[in-house]
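Heads up, the thing below is written out as structure tokens.
Values below: all heavy atoms of this structure, side chains included; hydrogens, waters and symmetry mates excluded. All residue numbers in this chain count up from 1 along the given sequence.
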Amino acid sequence: PFIPEGGTVCDIGACLGDHTVCYADLVGPTGRVYAFEPNPAAFQCLLYNMRDRPWVECYMYALADHVSRCVMGPEPHHLDNLGMVTIHREMADGPVVMSTLDLESRYWPRLDFVKIDVEGVEAALLHGATTTLRTFRPPLLIEINRAALANHGATPDEVFRRLHAVGYVFMPICITDATSDPVLRIQEDEVDVVCVP
């Protein structure tokens, strides 16, 4: 319900494009999807999977809180999981561009929805998205992974503080084994949260 036909969606951490395809089909050819995937192997799959949807723009960028270049690497305990590749280290001559959502969205006329799944860089990404979120006020879907955040020196509480600072409230998605206490759901090791202004 957050994604209108003709709307604009930003898929950050698009991986192979399974969410991206859904967003592209929801907005249709009159809409726009901006898909960001910094893992070179996944990015090639993303391009292939979006070949019949020219209204999807794909960028091999990592989004965080500043502009730089970086090397991507797997999460330490998920070496074989293509979807769990993250910013490994910054390098001046790194193969992947690192940018901010504020910089990338500065010429967008609208933004209706944002998905964020960046393997622990969520807090930094939100710090680099403050102007975008205050300008467009899009609903967000964010993956909160306690271990992945810890690998980048962050915590779920830091993510939630950044959301609160820009006027967002959030609720975990409870598909199975739901509890009536959203705070307990948010304390889990991994949870997806919907965030609205």
Please find the pair of heavy atoms, one from [X] and one from [Y], that lie closest to each other, and give the distance.
| X | Y | answer |
| --- | --- | --- |
| Tyr23 | Leu141 | OH-CD2, 4.2 Å |
| Glu119 | Ala148 | C-CB, 3.6 Å |
| Cys58 | Met50 | SG-CG, 3.9 Å |
| Cys195 | Phe170 | SG-CB, 3.9 Å |
| Leu149 | Pro156 | CD1-N, 3.6 Å |
| Pro139 | Phe2 | CG-CD2, 3.6 Å |

Among Ile116, Val166, Val121, find the one that has a side chain to side chain contact (heavy atoms under 4.5 Å, CB included) with Leu126.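 Running side chain to side chain contact (heavy atoms under 4.5 Å, CB included) over Ile116, Val166, Val121 with Leu126 returns exactly one hit, Ile116.
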Kindly indicate whether the side chain of [X], heavy atoms from C-beta on, has any atom under 4.5 Å from the side chain of [Y].
| X | Y | result |
| --- | --- | --- |
| Pro4 | Arg110 | yes |
| Val27 | Val33 | yes |
| Asp65 | Leu125 | no |

Just by modelled atom types, is the [Y] backbone N or O under 3.5 Å from a matching donor or acceptor in the [X] side chain?
| X | Y | result |
| --- | --- | --- |
| Lys115 | Thr20 | no |
| Trp55 | Ala24 | yes |
| Glu37 | Cys15 | yes |

Determine the interplanar angle of the Tyr61 and Phe36 rings, folded into 0 to 90°, and report it as parallel if under 30°, tilted if 30 to 60°, perpendicular if over 60°.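 Rings of Tyr61 and Phe36: tilted, as their planes differ by 30° to 60°.
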Pairwise distance [atom1]([X]) to [atom2]([Y]) - rounded to 0.5 angstrom:
| X | Y | atom1 | atom2 | answer |
| --- | --- | --- | --- | --- |
| Arg162 | Glu122 | CZ | CD | 12.0 Å |
| Asn145 | Glu190 | CG | CD | 4.5 Å |
| Asp112 | Arg32 | CG | CZ | 13.0 Å |

Please confirm whether the ring centroid of Trp108 lies under 6.0 Å from the ring centroid of Tyr34.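 Yes, close enough.
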With a sphere of 6.0 Å drawn around CD of Glu5, does it hold more than 12 non-hydrogen atoms of other residues, nucleotides or ligands?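 Open.
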Hey, can you pull the donor-acceptor pairs under 3.5 Å for the side chains in residues 94-103, sequence neighbours left out?
from	atom 1	to	atom 2	distance (Å)
Ser99	OG	Glu104	OE2	2.7
Thr100	OG1	Leu103	N	3.0
Asp102	OD1	Thr131	N	3.2
Asp102	OD1	Thr132	N	2.8
Asp102	OD1	Thr132	OG1	2.8
Asp102	OD2	Thr130	N	3.4
Asp102	OD2	Thr131	N	3.3

